[in-house]
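Heads up: the structure comes next, in structure tokens.
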Amino acid sequence: MQWTQAFTPIGGNLLLSALAALVPIIFFFWALAIKRMKGYTAGLSTLGIALVIAVLVYRMPAEKALMSATQGAVYGILPIGWIIVTSVFLYKITVKTGQFDIIRSSVLSITDDRRLQALLIAFSFGAFLEGAAGFGAPVAISAALLVGLGFNPLYAAGICLIANTAPVAFGAIGIPITAVEGPTGIPAMEISQMVGRQLPFLSVFIPLYLIIIMSGFRKAFEVWPAILVSGVSFAVVQYLSSNFLGPELPDVLSALVSMAALAVFLKWWKPKTTFRFASEQESAAAIETAKTNPAAPAYSGGQIFKAWSPFLLLTVMISVWGIPSVKSALTGHYEGSAVFLKWLNAVGEKLTFAPGVPFLNNQIVNADGAPIEAVYKLEVLGSAGTAILIAAVLSKFITAISWKNWGSVFQETIQELKFPILTIASVVGFAYVTNSSGMSTTLGMTLALTGSMFTFFSPVLGWLGVFITGSDTSANLLFGNLQKVTALSVGMDPVLSVAANSSGGVTGKMISPQSIAVACAAVGLAGKESDLFRFTIKHSLFLLLLVCIITFLQHHVFSWMIP
């Protein structure tokens, strides 16, 4: 029996309905920021509240609400949870085999300054992984690397989440932007160009902001040349590639150029002082002794290459998995004539499952009168997590770890991540219930009532969408058409509003429940999600304010910037 979504269930009053829709979101904020609940407790409680409101207020049939939660939970496990498990597993292999000691030494040979390590790994390398894979891989891998170098786990996770702001809109080979072309009818190239005229401002600012967070204004000023090289090189390439090539490559190209530019620059420039966190045990004198100690291990180029090989393999595999034709073949949707890809397509087709969700598939009717498809999307071979697992299998032979120890490390990883996976499953389940019940649309419609001030508040829709769904792609699909319709009604260019949805969304990524859970899982802070949320929330709101101001000015003052 079909059920039609109602976006004003409380007496046809939009504002009262929006207040009801806000309850689970406000509860989640309270649970983490004030009550400091463990992540899985907050996630399960929020899911429970969302289910109650969906059934009692939005009149969604109970079985449909419950099955919507299971659809989200399954998506939380595959692909998101699978990516986290394999990413942490690969990192643990390098630690178990002693290869990470060599990785640490090689990074220290470029710079032993924590500020510059954050720029290289959290900002540039994280952006590359975001461009190639997206989902949870960038934060999981880069945060684990920083912890291995000696960063405080909470700082490592927080810094990587904030650094991830710059590349999210073009993540996973540009999917957030290419996906929104369908529901809005606006060419992806135009949206890419507009986003490419917004985010570069943040990309220049984020490296400076990261270092200020880490060390304060005075210490940040000590490394301003490196900050400039990192941020400006990234922003320039991001602008050029998004405006002249399209949405697929800005992250990958910007990250590679930024990483290479900074590494080369650090070969001939060093800061006057070496920054370490106050909590680190190693004294300045000990650091200097380690630098000049002739007994300190000196690794050959071959040893360094071998140590980095697991992460190089990860990069190669994720990049291959991101190639559109390969991605299609891995999920059984390839229609070309290449022999290998046709064979791969046959394998991918057998390992891709999309069963309809019982009581839910085509059983919910949206505002346009169209039934909504609901399937359990299980892409076993096509998931980026499988690409990382293959890198881990190949790394077994490179690092010479026995199959017994390899399996033991994998089992240990699963055991460590059981509660973070539960957290992710519950918060994604909450996101799906919010969407399928119509609560998300209610909130979006309420923001659209801001009238002429919508030019300022437009990015807030994207921020809200990413907070709820954990994905810039999902936020664009959720609110993209609403952005277009509202923009036309208030005299705003729809290209700007849809781009603002994506740009605003990137600032919500760092507080998205699933992103918080992913980051905590990667650095061994399971159960400490509230601490990380409290760390990132103020930065998320500040960066959102910047995007709102940029969008407002581009409409009222710098309209020539709109394609």
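Only heavy atoms go into these numbers, but all of them, side chains included; no hydrogens, no water, no symmetry mates. One-based numbering along the sequence shown.
- Within a 6.0 Å sphere centred on NZ of K92, heavy atoms belonging to other residues, nucleotides or ligands number more than 12.
- A heavy-atom distance below 4.5 Å is not found between the side chains of F456 and T450.
- The two residues V428 and G72 come nearest to each other via the heavy atoms CG1-O, 3.1 Å.
- Contact check for V547 versus L543: no side-chain heavy atoms found under the 4.5 Å cut-off.
- Between F311 and W308, the ring planes lie perpendicular to each other; the angle is over 60°, past the 30° to 60° tilted range.
- Here the closest heavy-atom approach between residue A220 and residue L208 is recorded as CB-CD1, 4.4 Å.
- Ring geometry, W269 versus F265: the interplanar angle falls under 30°, so the pair is classed parallel (tilted spans 30 to 60°).
- Between F419 and Y40, the ring planes lie parallel to each other; the angle is under 30°, not in the 30° to 60° tilted range.
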Q: Determine, stepwise, if the pair F28 / F430 fulfils ring-ring contact (aromatic ring centres under 6.0 Å, His included).
A: CA-CA 11 Å; F28 186 82; F430 152 66; 7.0 Å; no

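- Taking the six-membered ring wherever Trp is involved, the centroid distance between the rings of F29 and F467 falls below 6.0 Å.
- Counting heavy-atom neighbours within 6.0 Å of F201 CZ, excluding the residue itself, gives a total of 12 or less.
- Looking at heavy atoms from C-beta onward, M259 lies in side-chain contact with L120 at the 4.5 angstrom threshold.
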Q: With side chain to side chain donor-acceptor pair (under 3.5 Å) as the test, would you mind laying out the steps for Q117 and T111 before giving the verdict?
A: CA-CA 7 Å; Q117 290 171 356; T111 178; 5.6 Å; no

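- Between Y91 and F100, the ring planes lie perpendicular to each other; the angle is over 60°, past the 30° to 60° tilted range.
- Using a 4.5 Å heavy-atom cutoff, the side chains of N164 and M510 are not in contact.
- Contact annotation: the side chain of P459 never approaches that of N501 to less than 4.5 Å [non-hydrogen atoms, C-beta and beyond].
- Look at E222 and K272 and you find no salt bridge, because none of the NZ, NE, NH1 or NH2 atoms lies under 4.0 Å from a carboxylate O.
- Taking the side chain as every heavy atom from C-beta outward, L544 and V460 approach each other to under 4.5 Å.
- If you look at Y209 and F542, their ring centroids are closer than 6.0 Å.
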Q: Please report the C-alpha distance between S540 and W463 in whole Å, then the side-chain angles of each, then the deciding distance to 0.1 Å, and finally whether the side chain to side chain donor-acceptor pair (under 3.5 Å) criterion is met.
A: CA-CA 9 Å; S540 175; W463 178 86; 2.9 Å; yes

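- The number of heavy-atom neighbours closer than 6.0 Å to NZ of K270, taken from other residues, nucleotides and ligands shown, is above 12.
- Side-chain contact between L496 and H555 is present, with at least one heavy-atom pair separated by less than 4.5 Å.
- Residues F123 and S203 come closest through the heavy atom pair CZ-O, 3.7 Å.
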Q. Side chain to side chain donor-acceptor pair (under 3.5 Å) between T274 and D113: does it pass, once the steps are laid out?
A. CA-CA 5 Å; T274 298; D113 190 294; 5.1 Å; no

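- The closest side-chain heavy-atom distance from V237 to P250 is not below 4.5 Å.
- Atom NZ of K219 has more than 12 neighbouring heavy atoms from other residues, nucleotides or ligands inside a 6.0 Å radius.
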